[in-house]
Structure formats: structure tokens, C-alpha cells
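Indexing begins at 1, ligand by ligand and atom by atom, following the structure's order. Only heavy atoms go into these numbers, but all of them, side chains included; no hydrogens, no water, no symmetry mates.
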Amino acid sequence: MAGKVYLVGAGPGNAGLLTLRGAEVLARAETVVYDRLAAPELLALAPEAARRIYVGKSPEGHTLEQDEINALLVSEGRAGRTVVRLKGGDPFVFGRGGEEALALREAGIEFEVVPGVTAGLAGPAFAGIPVTHRGVSSAVALVTGHEEPGKAESDLDYAALARIGTVVFYMGVAQIGEIARRLMKEGRAGETPVAIIERATTARQRTVRATLATAAERVRTEKVQAPAVTVVGEVAALGERLAWVERQPLWGRTILVTRTREQASDLVRQLRDLGARVLELPTIAIEPLPQDELAGAIEDLAEFDWLAFTSANAVDLFFKCLTDGGSDARALAGRRVAAIGPATAARLAEHGIRADLEPEEAVAESLAAALLEAGVGGGTRVLLPRAAEARDVLVETLRQEGALVEEIAVYRTVVPAAVDEASLEALRAGEVDLVTLTSSSTARHFVSLIQSRGGEELLARIKGQLKFASIGPITSNTATELGLTVAVESAEHTVPALVETIRRWAGK
Ligand code: SAH
């Protein structure tokens with residue numbers, strides 16, 4: 001059976017601007033064909049096993065000619081694959097998506113177009129410029145500033161363009177002088193506001209303001225680089241009053257979050273809400289251990305006075321074992337339940353259990369102290385399902401007081417097999433401003449992951465230059481011992497406190 005090719009708009013560079021439909025088809029792609037402009041983070045949405053084919057064109061050299069790309073899409077489709085052709089912005093706006101669609105139709109390959117957020121509209125929006133505005137501009141034209149090379153006379157009707165309220169030019173920032181000259185020649189005033197938005201929607205967005213008369217000079221002195229869009233029209237002046245991205249506390253910062261992918265979502269969401277570009281580098285994979293011992297303990301659950309949980313993973317595995325054995329949360333009736341911190345307590349709540357005890361600080365020492373205070377002591381039976389490599393302090397403290405602690409290793413944390421290439425690339429390119437560490441094991445795994453996948457040279461550079469944000473003193477110690485530079489330490493051992501500390505570090 002023939003496959004299907006999805007021509008998907010990847011948006012202008014900010015990964016959050018992909019459409020839901022785009023994410024959905026990416027998640028089941030067998031082949032992803034992508035360019036340079038697409039946000040690299042998007043590739044992580046495709047299954048690990050998907051083939052990723054880079055066909056990006058650099059201004060210097062063409063990696064693949066357009067007809068080669070067309071042929072590639074046709075042959076992947078013919079081979080019966082689900083193909084996602086990720087294209088910057090919208091596939092049908094200066095994206096040559098039309099040519100690709102025509103080639104597919106001619107070859108009889110089914111396709112679907114998933115529109116994207118085009119740079120010419122998203123760029124102005126991120127610069128606080130509404131491309132239409134009541135009483136200011138009621139029409140917008142999207143225009144290429146870079147026509148086919150070698151063309152003697154421009155096809156563009158500058159007389160018509162000069163009469164349109166807002167004109168957005170894609171490509172060709174170098175040609176801005178010629179464009180401005182023609183518009184002025186056709187009667188557009190030299191004072192007409194112009195905004196040039198470079199790397200719009202990314203952490204390195206920059207807006208250069210000018211007028212038609214000064215635009216070429218401003219592009220030169222400010223050394224504006226592609227990709228950039230140029231907005232010409234009165235609306236461009238609104239950008240000064242409506243600028244908003246720069247006001248976000250973490251705007252312009254790239255933060256790498258190191259955790260298991262499952263656990264990182266809260267931290268990632270909160271950092272993104274503050275305007276940061278957030279990359280993920282899962283450094284921990286959870287490997288469940290044989291659960292016979294836990295199953296045995298669950299059968300005798302009634303004999304325990306307390307159940308103590310020191311991670312959300314342990315909670316999940318405990319309940320999985322419980323339900324696999326044909327039981328449910330009622331088996332916990334009469335037991336008291338302790339959670340080390342808010343995330344663990346929240347996971348318990350998802351399973352219908354409200355923790356009886358949660359220490360002020362989410363560390364083993366505090367949990368031990370809180371349990372002792374709650375009456376755990378001589379002869380108290382405590383069930384503690386936990387990670388194989390957990391620290392001994394909790395068990396030792398309770399045992400010293402005569403408690404009978406049954407400690408069961410239910411999972412191990414391991415370094416994941418695959419590494420997120422986009423994150424590794426950003427580290428190599430020196431784009432990362434801060435790396436979050438939320439446990440000693442994330443710090444250790446981060447170092448071994450970089451060493452094995454990134455090489456010694458990258459590791460040395462990371463040790464010398466990169467800044468780390470740690471969730472607390474124990475994690476900081478481990479990181480420092482590993483040679484990492486802890487620039488900030490959270491006041492409290494929780495995700496919101498870590499986020500608040502990072503926000504203060506950013507100084508806004
Ligand atoms: N199909 C794309 C446009 C591709 S043409 C879209 O719909 O957005 C490439 C041009 O798009 C660049 O030369 C630049 O003018 C513009 N562009 C793409 N990404 C951009 C970005 N992040 N910031 C500013 N301009 C961008």
C-alpha cells in the first residue's frame with residue numbers, strides 16, 4: 001500500500017507554534033524530511049525509530065535540489081511510509097510546498113497539507129506589531145524581497161504595494177535599500193515606519209526599528225542577519241508600545257531541563273510560561289525491577305503501620321503491583337502514608353490516597369525526622385518501596401529508633417539509551433544559558449551522558465563554562481564534586497521554588 005506525505009508547517013522557529021495536527025502526524029511519522037529553519041526541538045516529537053532526513057538549504061550551498069527533494073518524497077511515499085515533510089513557517093508561503101504537492105499528485109501519492117504559522121505574521125506578532133489595526137491598516141501583503149536570481153526587472157508591482165497599508169517582506173534583508181527606494185519612488189513616504197525582525201519567535205529574536213528612508217542604513221549598522229522579516233507600514237510603530245516578549249522574565253534564556261521525560265513536564269511548563277526557551281535532555285530512565293518482593297509485601301499490607309514513598313516513580317510502581325494483583329486502593333485502609341514532597345504527594349492523590357504526612361523539606365533527613373515525630377519508633381512497621389540507589393539515611397535513622405523497616409528496591413535509574421540530538425546540538429553551539437539539576441542522580445547521569453554521547457571535549461567545555469541551577473544543597477554538592485558550576489541553588493526543594501530562584505537569577 002502506498003504511504004502518505006504530510007506537508008507540515010513547522011512554524012517560524014519557536015517549537016510552541018506547531019499546530020496540534022502537526023504534532024499528531026509527527027508523533028507517528030516513519031520518515032521526517034526537514035529543513036534548517038524548523039525548530040530542532042520538533043524532531044523529538046517523532047518516534048525514536050523514525051528516519052530523519054535533513055534537506056536544508058544553506059545560503060552557501062544547496063544540500064539537496066528541489067527536484068531531489070520532490071523525488072525523495074515520492075519514493076518514501078511509494079515505499080508505503082508515513083512521511084512528514086516539515087517546512088519552516090507555512091508550507092505554502094514561500095516554502096515551495098506547492099511544488100512538492102504537485103510532484104506528489106503527479107506521482108499519485110496521497111498528501112495532506114498541515115498549515116503552519118508563517119514568519120511574516122508571527123514575526124510581527126512577537127514584535128508587538130498587529131499587521132492590521134483598526135484605523136491604521138486594513139490590508140496586509142506578504143511579499144518576497146528576493147526574487148529569482150538573474151531576473152532583470154522585478155515582477156513586483158511596487159506601485160500597487162506602495163498603496164497597501166502593511167507590507168511584509170520575506171527574505172532578502174540585503175535588498176532592503178532597493179525595496180525602500182522603489183516604494184518611495186511610487187509615493188510611499190520616507191517616514192513610513194519599518195520594523196525588521198530577526199530570528200523572530202526564537203530566544204534570539206531582535207527587532208530593529210527604522211523608517212523607509214533609514215532602513216538600509218539601519219540593516220547595515222545593526223548587522224541584521226537572515227532569517228528576518230521586514231514590516232513596512234504605520235502599524236510598525238505600534239511595536240514600541242506593544243512589545244511584550246522582552247517583558248517576560250526568562251525571555252531570551254535557553255534552559256536545559258535534565259530529568260526523566262515524564263517528570264520534567266511541570267518544570268518545563270513553568271519555565272516556558274516565563275518566556276524561556278526550554279530544551280529537554282532526559283538523563284534518567286526508570287527501569288522497573290522484578291516485583292515479587294513487593295507483591296509479597298502487598299499481600300501482607302495489613303501488617304504495616306506506615307507506607308513511605310520517596311518518589312513518584314515508587315508510587316506508580318506500587319500501585320501497578322497492587323492492581324496487577326487484583327487489588328485496589330482500599331488495601332491501604334488503616335495504614336498511614338508518608339510522602340517525601342509535593343510531587344510524590346500529588347502522585348499519591350492521583351491514585352486516590354491523601355498523604356498523612358509530608359515533611360517541610362523534600363529530603364530524606366526531613367522525612368525521617370517527621371516520621372519519628374509522628375510516632376514511628378520501636379516496633380513500628382514501615383514499608384518503603386524505593387529506588388535501588390536511594391541513600392541509606394532514611395532507613396538507618398528509623399532503624400536506630402527501633403522501627404522495622406522493610407525496604408524494597410522497586411526500580412533502578414539508568415542512563416537512557418538515546419540522547420536528544422537537538423539539546424546536544426544546542427550545548428555544542430553554546431546556546432544553553434542554564435541547566436537544571438533536580439537530584440544527585442540527574443547530575444551524575446548528565447555528566448556520563450555528555451561524556452559518552454558528546455565526547456570529552458564537550459564535557460570539558462561544559463565543566464568550564466556552563467551554569468547549573470540546583471534544587472538543593474545535596475544536589476549542589478554532587479554537582480560540585482563532579483566539577484560542575486552551581487550558579488544558583490533553590491531556596492526550597494520543590495519545582496516552584498526552583499523556578500522562582502531561576503527567575504531571580506535572571507534578574508527581572
Ligand atoms: N514558509 C516560510 C517562509 C520560508 S522563506 C514561512 O511561512 O514562514 C524564508 C524566509 O522566511 C526568511 O528569509 C525570512 O524572511 C522568513 N523567516 C523564516 N523564519 C523566520 C524567523 N524565525 N524570523 C524572521 N524571519 C523568518
Worksheet item: Hey, is Thr201 touching ligand 1 through its side chain, its backbone, both or neither, going by heavy atoms under 4.0 Å?
Response: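 Neither; nothing of Thr201 gets under 4.0 Å from ligand 1.
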Fill in: Structural part of Ala228 in contact with ligand 1, heavy atom criterion under 4.0 angstrom
backbone
Discussion item. Test your reading of the model: is there a side-chain donor-acceptor pair from Thr494 to the backbone of Ala497, 3.5 Å cut-off?
Written reply: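 Looks like yes, one N/O pair under 3.5 Å.
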Under 4.0 Å from a heavy atom of [X]: give me the atoms of ligand 1 that qualify, with their elements.
{"X": "Thr118", "answer": "6 (C), 7 (O), 8 (O)"}
{"X": "Val93", "answer": "1 (N), 2 (C), 3 (C), 6 (C), 7 (O)"}
{"X": "Val229", "answer": "15 (O), 16 (C), 24 (C), 25 (N)"}
{"X": "Asp90", "answer": "1 (N), 6 (C), 7 (O)"}
{"X": "Ile197", "answer": "24 (C)"}

Worksheet item: Stepwise, does the ring pair (Phe, Tyr, Trp, His ring centres under 6.0 Å) test hold for Tyr34 with Tyr54?
Response: CA-CA 5 Å; Tyr34 66 102; Tyr54 177 68; 5.4 Å; yes
Worksheet item: In this structure, which one of Tyr170, Phe94, Phe92 forms a side-chain contact (heavy atoms from CB on, under 4.5 Å) with Thr118?
Response: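 When side-chain contact (heavy atoms from CB on, under 4.5 Å) is applied between Thr118 and each of Tyr170, Phe94, Phe92, only Tyr170 qualifies.
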State if [X] counts as touching ligand 1 under the rule of any non-hydrogen atom under 4.0 Å.
{"X": "Pro227", "result": "yes"}
{"X": "Pro12", "result": "yes"}
{"X": "Arg199", "result": "yes"}
{"X": "Gly88", "result": "yes"}

Worksheet entry | Shortest reach to atom 10 (C) of ligand 1 by a heavy atom, considering only Lys87, Arg206, Met171 |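 Checking each option, the heavy atom nearest atom 10 (C) of ligand 1 is found in Met171.
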Worksheet item: If every non-hydrogen atom of Gly116 is compared with every non-hydrogen atom of Pro91, which pair is closest and at what distance?
Response: N-CD, 3.9 Å
Worksheet item: Is the shortest N/O to N/O distance between Ala200 and ligand 1 below 3.5 Å?
Response: yes
Worksheet item: Got a sec: does the CD of Glu287 have more than 12 other heavy atoms crowding it under 6.0 Å?
Response: yes
Fill in: Greater than 12 external heavy atoms within 6.0 Å of Arg28's CZ
yes
Worksheet entry | Side chains of Thr214 and Thr211, donor plus acceptor under 3.5 Å |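 A donor-acceptor contact under 3.5 Å links the two side chains.
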Worksheet item: Taking atom types as modelled, is there a side-chain donor on Gln66 or Asn70 under 3.5 Å from an acceptor on the other?
Response: yes
Item to complete: Over 60° means perpendicular and under 30° means parallel, so classify the ring planes of Phe468 and Phe446, tilted if in between.
Response: perpendicular
